[in-house]
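Below you'll find the structure, written out as structure tokens, and then a few comments.
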Number of protein chains: 2
Amino acid sequence: MLYAGIDIGGMNIKMGIVDQSGKVLINNSIKTESDKGSIVVIDQMVSNLKFLCDKIKVKLTDLEGIGCGVPGVADSKKGIVTAAANIGWYNVELAKLMTERTGLLTKIANDANCAASGEQIFGEAKRYNNFVFITLGTGIGSGIIIDGKMVEGEGSAGAECGHMTLVYDGIQCNCGRKGCWEKYASATALIHQTDDAIKKHPNSGLAQLYKKQGKISGRTAFEAMENGDEVAKRVVEQYVNYVASGIISLSCILHPQAFIIGGGISHEGEALMKPLKQKVDKYVEVSNNYPYVAVERATLGNGAGLLGAASLLMRNND
Amino acid sequence: MLYAGIDIGGMNIKMGIVDQSGKVLINNSIKTESDKGSIVVIDQMVSNLKFLCDKIKVKLTDLEGIGCGVPGVADSKKGIVTAAANIGWYNVELAKLMTERTGLLTKIANDANCAASGEQIFGEAKRYNNFVFITLGTGIGSGIIIDGKMVEGEGSAGAECGHMTLVYDGIQCNCGRKGCWEKYASATALIHQTDDAIKKHPNSGLAQLYKKQGKISGRTAFEAMENGDEVAKRVVEQYVNYVASGIISLSCILHPQAFIIGGGISHEGEALMKPLKQKVDKYVEVSNNYPYVAVERATLGNGAGLLGAASLLMRNND
């Protein structure tokens, strides 16, 4: 059985055709020409999907359906993109418009929810019935799986864990509130924290690395720490504290079997995961007798967006 | 059909027999002699249950079962009280011990989860399929209902929303972490905030009310505010901000249809609820197109503990 996966991003739309095992038969990406409006973008997606089908000699009608991941609030029950500010889509009937053009069943969800679904269907998280997926990227995205089902809240407006408060009255967030978790624990936040440390410690190894590389990324502090710089070590420690604190809060609320960590910062591997696990474990120890909560890296890697979108069609119990 | 409800508290155990409509046929309370150990307490509960049955001329075996609310972590699937520090119970096989002594099916849950269940089965919250119950008392208790089911996390260790972080690195909590929501938004926290304001403003109406009454309760600031005192008004405003901030965080994560507010502070009625609703509404407005989230008072009142415990037996889909 074949499924189309479409991962709509602010810059590019990644598209592919995958089978039920999660094998990507073909994929490519097209530019997101969001300035032309949603209908043009949807028409382009459909043209490209037909192109992909032709390439592997499959008819559009051979597909079981289309799954779309959306960078914003997507009402998965109604198939409507409620609000995706990045691409300027508001109340776009994406599922209906795709079905009208292709005759195929179309399911949509927020991109982080898709990623959670992908990890559940195709990734190592398939062994968990209850987990929270967290992506440490430009912001913090999340997806919640309880009893095997995706929990999105009314109108799919929940699972926005990046906007829970971590620091009351803290840094202003563009959601309108202050002190949201993602203002402290996203890749963007780490870049700001790294920048601050460089300014405060212009002679540190961290500052030297920055001078050498000419720019700051989510990697910079981790790399300088590996080189033995104490300032960078403190930046990373503080950052991991922020990540851990949000995860522990979510554990108080949902106490899942596992947290699955994805997004750019997750590529730091053990330098992130080891101290993060220690901090979460310590909390579980403090709260004696509580069941263990695993903290693991996401396993799908680059194909996560596509696979997650396609996996929406393989869910049968939400 | 008749059900026994047992609400185990640190000081007293409230017990009663209720019918399927939530009518309490008889109830009383016994002291919690926790210093004598769990077995003695359980034996006392069973004796008292027999006494209550006798009083209304019902045989123990006429009951459908026993529901127990526990002030701590209670693994509802296993029927084991994992940890209830207040009464010194750790790994107590409560359900099994009650069934051995009575022959009756026994279900157990954390007391706040019971209260959420009671509001769902017997209260106005029955019209909601997705809601979060919050109790503003000595601490902050909570119960989460999603798709009509109680969500308690692994080992029922979740739904402890009072311990999510509100203020990173804030006030030390006895859970081992800092800045937990309940250190800012429980009745106990309000009492501390009122005390601080009295010390800072010894000539305020709030301080005068305290001098007159001789003690501070969760009511004091609300009462002084009603009398027109500006200091008290600021205390209440700040307190409501703390309550709202936690609720909005939970809304980001779960976006339920409603938050149901119980516990001592909820008796302040509109003085609490009106500004609380305004703050939650404002957030929903900021995050445009999100579905409305209701904020309502719990409706069961004093019998909530009993009814909640009994309601555990009337759940058929968790």
Side-chain angles (χ1 to χ4, degrees), chain A residues 73 75 82-83 85 90-91 129-130 132 142 144 146-147 149 151-170 175-181 184 241-242 245-246 248-258 282-293, chain B residues 73 75 82-83 85 90-91 129-130 132 142 144 146-147 149 151-170 175-181 184 241-242 245-246 248-258 282-293:
Chain A
V73 178
D75 187 324
T82 312
Y90 295 92
N91 295 313
N129 214 27
N130 295 302
V132 178
S142 59
I144 300 170
I146 297 179
D147 284 342
K149 297 181 187 183
V151 170
E152 302 178 280
E154 293 299 306
S156 306
E160 288 286 353
C161 301
H163 292 284
M164 68 177 175
T165 300
L166 180 72
V167 181
Y168 184 83
D169 219 13
C175 77
R177 296 177 67 223
K178 286 180 177 178
C180 295
W181 187 28
Y184 297 84
N241 278 337
Y242 289 137
S245 190
I248 295 167
S249 283
L250 290 170
S251 185
C252 293
I253 299 163
L254 297 169
H255 210 99
Q257 293 162 303
K282 186 187 166 207
Y283 162 73
V284 171
E285 198 186 304
V286 167
S287 316
N288 57 3
N289 293 310
Y290 280 21
Y292 176 72
V293 176
Chain B
V73 178
D75 187 324
T82 312
Y90 295 92
N91 296 313
N129 215 28
N130 295 304
V132 178
S142 60
I144 301 169
I146 296 178
D147 283 341
K149 298 181 186 183
V151 171
E152 302 177 279
E154 294 298 305
S156 304
E160 287 286 353
C161 301
H163 292 285
M164 68 177 175
T165 301
L166 180 71
V167 181
Y168 185 84
D169 219 13
C175 78
R177 296 177 67 223
K178 286 180 177 176
C180 295
W181 187 28
Y184 297 84
N241 278 337
Y242 288 136
S245 190
I248 296 167
S249 284
L250 290 170
S251 185
C252 293
I253 300 164
L254 296 169
H255 211 100
Q257 293 162 304
K282 186 187 165 207
Y283 163 72
V284 172
E285 196 185 306
V286 167
S287 316
N288 57 2
N289 292 311
Y290 280 22
Y292 177 72
V293 176

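Residue numbers begin at 1 in each chain, while the letters A, B, ... track the order of the sequences. Quick caveat: nothing in here was measured; it's all calculated off a predicted structure. The figures that follow rest on heavy atoms only: side chains count, while hydrogens, waters and symmetry mates do not.
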Report yes if some heavy atom in the side chain of A/C252 is under 4.5 Å from a heavy atom in the side chain of A/Y283; otherwise report no. yes
So which of A/H255, A/E160, A/M164 has the largest heavy-atom pair count under 4.5 angstrom toward chain B? A/H255
Pairing residues for B/S156 by the side chain to side chain contact (heavy atoms under 4.5 Å, CB included) criterion, not counting sequence neighbours: B/D75, B/S76, B/E152
Would you say the side-chain atoms of A/N129 and A/Q257 include a donor-acceptor pair closer than 3.5 Å? no
Below 4.5 Å from any heavy atom of chain A, which atoms of B/L254 appear? Answer side chain, backbone, both or neither. both
Quick one: of B/G170, B/S249, B/G155, B/G153, who has the most non-hydrogen atom pairs under 4.5 Å with chain A? B/S249
The interface call for B/I146 against chain A, heavy-atom contacts under 4.5 Å, is side chain
Contact part of A/I248 toward chain B, heavy-atom cut-off under 4.5 Å: side chain, backbone, both or neither? both
Of all of B/V151, B/L166, B/V132, B/N130, which one pairs up most often with chain A through heavy atoms under 4.5 Å apart? B/L166
So what's closer than 4.5 Å to chain B heavy atoms on A/V167: side chain, backbone, both or neither? both
Does A/N241 have any side chain to side chain contact (heavy atoms under 4.5 Å, CB included) partners at least two apart in sequence or in another chain, and if so, which? A/Q238, A/K279, B/Y168
Is chain A contacted by the side chain of B/Y292, its backbone, both, or neither, given a heavy-atom distance below 4.5 Å? neither
Using atom types as modelled and distance alone, determine if a side-chain donor or acceptor of B/H163 lies under 3.5 Å from a backbone N or O of B/R177. no
Check each atom of A/Y242 against the heavy atoms of chain B and say whether the ones under 4.5 Å are side chain, backbone, both or neither. both
Which atoms of A/I144 approach chain B - backbone, side chain, both or neither, heavy atom under 4.5 Å: side chain
Between B/T165 (side chain) and B/C180 (backbone), is there a donor-acceptor pair under 3.5 Å? no
Okay, side chain of B/S142, backbone of B/C161: is any donor-acceptor separation there less than 3.5 Å? yes
